[in-house]
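Take a look at the structure below.
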Amino acid sequence: MEITSTVEGVRSMVNKWRTEGLKVGFVPTMGFLHEGHESLIKRAVEENDRVVVSIFVNSKQFDKKEDFSNYPKDTETDIVKCNMAGAHILFTPEHDGMYAEGFSTYVDMETLTDSLCGQSRDTHFRGVCTVVAKLFNIVRPDKAYFGQKDAQQVAVVKRMVNDLNFDIEIIECETIREVDGLARSSRNIHLSQEEHHASIVIQKALRLAEMAIYEGENDPVIIQKYIKDEILSEKLARLDYVEIVDAETLKPKTKIEGKTLVAIAVFIGNVRLIDNFVC
Ligand code: PAF
């Protein structure tokens, strides 16, 4: 695996592959890789001739400076994980390499970004869209891989790719979970043992809702109440939102029918966790 921190470095290697007719897969990450990222890389390796992974903690998608500066880092272990998963290039740009002095162009989306996580994270998706667009222009992959845990991010990236005519297929990959059901996330490291245990309530609430829908309940208000009550039963948990929306447009549903996303965000102590299911 080659490691490069320059745009020119990635471009020259990818251009060479392109002249050889090879298909390129891409997994953008912010590092501190866990099994969720590893599964994205492995899937990309299965479906492409070559795979690029990027690690860049994108300051523009953090609302609070503390969240950005506290973002966990372990580059040495990340390198080993990327290598083991079969990546061919690890792209690790510096902040100034991505946002040089005078940087002033952003990708702003008019729909999809105000609801769910966008309600409490004002400029988050502007930052995500901007960095993902830049990374897509740098790497120019055939396919890019994202986890379903961040369902809104997947919907937003798909919309952006469509709206801005990126010739890239977005592949949504299933959420990878810890043994107790907690969705793998770089934030899980911030949970104490007690909080980790308490976070099981998220899975319980979602499974309860899924079961009720499976058994025929199609009223979003009732499903939301089941979820709220379950989350309330855990004293360390505080519900940020529970939304039942169309999986593509993210518009709220008045009846559960068609492809529906049930998404929640819950604070366990100070750690904000998200999870969802699609039915
Ligand atoms: O999901 C993430 O880790 C980030 O939002 C992404 C897509 C790498 C953009 O910084």
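Note that ligands are numbered from 1 as they come in the structure, with each ligand's atoms numbered from 1 the same way.
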Just by distance, no angles: are the side chains of Q148 and N276 close enough, under 3.5 Å, to form a donor-acceptor pair?
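There is such a pair between these side chains.
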Discussion item. Looking only at side-chain N and O atoms, does D246 offer a donor or acceptor that is under 3.5 Å from a partner on T249?
Written reply: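 A pair is found: one side chain offers a donor N or O, the other an acceptor, under 3.5 Å apart.
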Enumerate, one pair per line, all nitrogen or oxygen atoms of ligand 1 lying under 3.5 Å from a protein nitrogen or oxygen, stating the separation to 0.1 Å; write 'none' if no such pair exists.
{"residue": "ligand 1", "atom": "1 (O)", "partner": "Q153", "partner atom": "NE2", "Å": "2.8"}
{"residue": "ligand 1", "atom": "5 (O)", "partner": "Q61", "partner atom": "NE2", "Å": "2.9"}
{"residue": "ligand 1", "atom": "5 (O)", "partner": "Q153", "partner atom": "OE1", "Å": "2.7"}
{"residue": "ligand 1", "atom": "10 (O)", "partner": "Q61", "partner atom": "OE1", "Å": "2.6"}

Does the gap between the ring centers of Y71 and F62 come in under 6.0 Å?
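Yes.
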* To do: Kindly check if the number of other-residue, nucleotide or ligand heavy atoms within 6.0 Å of CD1 (I189) is above 12?
  =>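 Counting other residues, nucleotides and ligands, CD1 of I189 stays at 12 neighbours or fewer.
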Would you say D108 has more than 12 foreign heavy atoms packed within less than 6.0 Å of its CG?
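Atom CG in D108 is packed in, count exceeds 12.
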Q. Any idea which heavy atoms bring K253 and V245 closest together, and the distance?
A.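 Answer, listing the atom of K253 first, then V245: CG-C, 3.7 Å.
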